[in-house]
A.B. asks: 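The following block contains the structure, expressed as C-alpha cells.
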Amino acid sequence: MGGAVSAGEDNDDLIDNLKEAQYIRTDHVEQAFRAIDRGDYYLVGYRDNAYKDLAWKHGNIHLSAPCIYSEVMEALKLQQGLSFLNLGSGTGYLSTMVGLIIGPFGVNHGVELHRDVVDYAKEKLDDFIKNSDSFDKFEFCEPVFMVGNCLEISSDSHQYDRIYCGAGVQKDHENYMKILLKVGGILVMPIEDQLTQITRTGQCSWESKNILAVSFAPLVQQNRAEGSKPDAVELPPVTVRSLQDLSRIYIRRTLRDLTNQESPDNGLVQRAPQKRKRRRCRRRRINTYVFVGNQLIPQAVESEEDERIEEEQHKEEKEAQEKEEERDIGSIEILKAVNVLRDKIMTLPLPESLKAYLLHYREK
C-alpha cells in the first residue's frame, strides 16, 4: 500500500511531498514527522527505500506507507495530555511521533504481538532519546511497549482518548475495539478495506467516517487448545509522575522558553533549500542528405555552431554545479542547529549529576 506521492531524497523531502499532496495538513503533525527520521526505523541496508511512499516489511518488522501514517495522525486529532493506545505498535515509529504531540502529561501505550519487534521498538526509542536533537525541542510522552495479542486485552482495562489499530479488523471485532475508547474519543482502524475514523459520541453511540481505501494484513487471533483460557493482556497502569520528574519537566520547559526568547530562531528546524533540477537543452544539428544507391537519406552532421553551443553549455553546467555544491555545504551548516537547551543546562551552576538528570543522561 502506498505510492500516492513521489519518493523523497531524504525525510524532509518526503514530508514536503506529503504536504503538497495534502496528506499532512496541520502544523503539529508536520513538526512531528520532521522530528522523527523515518529512515532511522529501517534496518541497515534497506534505508534507500525509507523515503518512498511504500510499506516495508522484513520478517516481523513492518512499517506502513508514509501516506497512511499521515492520514492516521491527522484523523486522530491529537492534543496535549491525551491518552493513546497503539494496537500493533510495531517499530514504535508512530507512537514516538504521537508522544511528541501529546506531551509529558499524556499516556502512550503500545501492544505488539511479537517480542522481537517490541525489543526493536525499545532500541529505536532509546536511540531517539539519547541521540536525536529533536528530543530537546519537544516535551515528550515516552511510549511504553508490551508484548501481547491486542484481541486478548483484559476486559477491566482502562479506556483511552485515542486508539489506532495497525492491522485489518474484522467486522465481528469492531465492538471489542470500540469498548476500549472513552466517550468523546477517536478510534482509527482499517476495517473492510477502509481506513475508518470512529468517534464515540455517547455510552452507546458512535459516528463513523471512511478516510481512505487501504489493504492491511488481518489481526492475528491467538491459537489455543480447546477449553484453555486465553492469556489476558494487562495494559500498563496509568501512573502519576514523581515530584522529581515533574521538577525536571518544568525546569526544562522554563529553560526552553528562556532560550527561545533570547534567540527565537535557534529553536526552529531550518529546512535546507531544495536543489533545482537543471534542464538540458537539446543540441541543434544541421540535416544534410546523402545518396545511398537510389535513395536520398537524411544524415545529421554537427556544425561548428553546435560545437560552440555545446562548449558554452558544458561551461555553464560546470559553474552551476560548483555553485550548487557550495550551497549544499552551507545547507549542512544551517541544519546543524545548536542544541540551545543543552547548552543552557550545561552553563548552569549545578552539580554534574543534576545536569545529567536534566539532560535525561543524553551524551550529545
Side-chain angles (χ1 to χ4, degrees), residues 1 55 62-64 68-79 82-95 97-99 101-102 106-114 117-118 121 143-224 229-238:
M1 186 66 199
H62 175 264
L63 281 165
S64 293
I68 301 296
Y69 284 134
S70 303
E71 287 288 4
V72 169
M73 290 285 284
E74 294 288 358
L76 285 169
K77 298 182 179 179
L78 297 165
Q79 303 171 24
L82 295 180
S83 56
F84 172 68
L85 175 63
N86 191 348
L87 299 173
S89 50
T91 64
Y93 172 62
L94 181 73
S95 293
M97 287 195 292
V98 169
I101 298 176
I102 63 178
V107 174
N108 196 352
H109 294 162
V111 179
E112 168 58 44
L113 182 63
H114 304 287
V117 180
V118 170
V144 178
F145 302 115
M146 61 178 303
V147 179
N149 189 314
C150 61
L151 291 175
E152 304 294 349
I153 293 174
S154 177
S155 58
D156 60 351
S157 294
H158 45 269
Q159 297 174 314
Y160 292 81
D161 297 303
R162 300 291 187 267
I163 300 174
Y164 171 63
C165 181
V169 178
Q170 297 179 2
K171 196 68 178 176
D172 53 353
H173 291 140
E174 181 179 355
N175 287 334
Y176 167 84
M177 297 291 180
K178 289 178 176 178
I179 296 302
L180 296 170
L181 195 63
K182 290 181 181 179
V183 174
I186 295 174
L187 162 66
V188 177
M189 63 181 179
I191 184 167
E192 296 185 334
D193 294 328
Q194 285 286 333
L195 187 64
T196 306
Q197 179 196 61
I198 298 174
T199 304
R200 187 168 190 175
T201 56
Q203 286 296 335
C204 301
S205 58
W206 291 266
E207 292 180 355
S208 297
K209 175 185 175 183
N210 289 340
I211 302 170
L212 188 70
V214 293
S215 178
F216 276 66
L219 282 171
V220 176
Q221 299 190 53
Q222 186 168 326
N223 294 324
R224 52 181 180 268
K229 291 184 179 181
D231 297 325
V233 175
E234 299 289 341
L235 293 173
V238 177

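In what follows, every heavy atom counts, from backbone to side chain, and hydrogens, waters and symmetry copies are set aside. It should be emphasised that the depicted structure is a prediction, and the values quoted were computed from it without experimental measurement.
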A.B. asks: Indicate the atoms forming the closest heavy-atom contact of Val233 with Ser157, along with that distance.
C.D. replies: O-OG, 4.3 Å
A.B. asks: Answer yes or no: is there a donor N or O on one side and an acceptor on the other, between the side chain of Tyr69 and the main chain of Ser64, under 3.5 Å?
C.D. replies: yes
A.B. asks: Among Val188, Ile186, Leu187, which one satisfies side-chain contact (heavy atoms from CB on, under 4.5 Å) with Ile198?
C.D. replies: Leu187
A.B. asks: Could you state the interatomic distance from CD1 (Ile153) to CG (Leu87), rounded to the nearest 0.5 Å?
C.D. replies: 5.0 Å
A.B. asks: Heavy-atom distance under 4.5 Å between the side chains of Ile102 and Asn108, does that happen here?
C.D. replies: yes
A.B. asks: Is Ile163 close to Met177 at the side-chain level, that is, under 4.5 Å between some pair of heavy atoms?
C.D. replies: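 SC-SC contact between Met177 and Ile163 ruled out.
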A.B. asks: Taking atom CG of Asn86 and atom CG of Leu76, what is their separation to the nearest 0.5 Å?
C.D. replies: 9.0 Å
A.B. asks: Which pair of heavy atoms, one from Pro190 and one from Cys165, lies closest together, and at what distance?
C.D. replies: CD-O, 3.1 Å
A.B. asks: Evaluate the side-chain proximity of Ile101 to Met73: yes if any heavy-atom separation is below 4.5 Å, no if none is.
C.D. replies: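 Yes, at least one pair of side-chain atoms sits under 4.5 Å.
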A.B. asks: Who pairs with Glu174 by salt bridge (charged side-chain N to carboxylate O under 4.0 Å, His left out), at least two apart in sequence or on another chain?
C.D. replies: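 Only Lys171, Lys178 meet the salt bridge (charged side-chain N to carboxylate O under 4.0 Å, His left out) criterion with Glu174.
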A.B. asks: Between Glu112 and Gly90, is there a donor-acceptor pair closer than 3.5 Å when you use the side chain of the first and the backbone of the second?
C.D. replies: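 Looks like yes, one N/O pair under 3.5 Å.
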A.B. asks: With rounding to the nearest 0.5 Å, note down the distance linking OH in Tyr164 to CG in Leu78.
C.D. replies: 13.0 Å
A.B. asks: Over 60° means perpendicular and under 30° means parallel, so tell me whether Tyr176 and His173 are parallel, tilted or perpendicular.
C.D. replies: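 Ring orientation, 0 to 90° scale: perpendicular.
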A.B. asks: I need the minimum non-hydrogen distance between Ser95 and Phe84, along with the two atoms involved.
C.D. replies: OG-CE2, 4.1 Å
A.B. asks: Can you name the closest pair of heavy atoms from Asp193 and Ser215 and give their distance?
C.D. replies: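 Where Asp193 meets Ser215 most closely, the heavy atoms are OD1-CA, 4.4 Å.
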A.B. asks: Answer yes or no: does atom CD of Glu207 have more than 12 heavy-atom neighbours from other residues, nucleotides or ligands under 6.0 Å?
C.D. replies: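 Incorrect, the count does not exceed 12.
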A.B. asks: Using side-chain heavy atoms (C-beta onward) and a distance below 4.5 Å, is Ser83 in contact with Val238?
C.D. replies: no
A.B. asks: Closest heavy-atom contact between Val169 and Ile191?
C.D. replies: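 Heavy-atom minimum between the residues: O-CG1, 3.4 Å.
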A.B. asks: Can you name the side chain to side chain contact (heavy atoms under 4.5 Å, CB included) partners of Val144, sequence neighbours left out?
C.D. replies: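 With neighbours one apart ignored, the set is His109, Pro236.
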A.B. asks: Could you tell me the separation between the NZ atom of Lys182 and the CZ atom of Arg162, rounded to the nearest 0.5 Å?
C.D. replies: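 Rounded to the nearest 0.5 Å, the NZ-CZ separation comes to 10.0 Å.
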A.B. asks: Report the distance from atom CG of Leu195 to atom CD1 of Ile68, rounding to the nearest 0.5 Å.
C.D. replies: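 Reported to 0.5 Å precision, the distance equals 6.5 Å.
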A.B. asks: Measure the spacing between CH2 of Trp206 and OG1 of Thr199 and express it to the nearest 0.5 Å.
C.D. replies: 12.0 Å
A.B. asks: Spell out, as yes or no, whether a donor-acceptor pair under 3.5 Å connects the side chain of Gln159 to the backbone of Ile179.
C.D. replies: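 It does hold such a pair.
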A.B. asks: Looking at residues at least two apart in the chain, or sitting in another chain, which of them share a side chain to side chain contact (heavy atoms under 4.5 Å, CB included) with Asn210?
C.D. replies: Gln194, Thr196
A.B. asks: Return the minimal non-hydrogen interatomic distance between Ser89 and Phe145, and the atom names on each side.
C.D. replies: OG-CD2, 3.7 Å
A.B. asks: Are Leu219 and Gln170 close enough that some pair of their side-chain heavy atoms sits under 4.5 Å apart?
C.D. replies: no
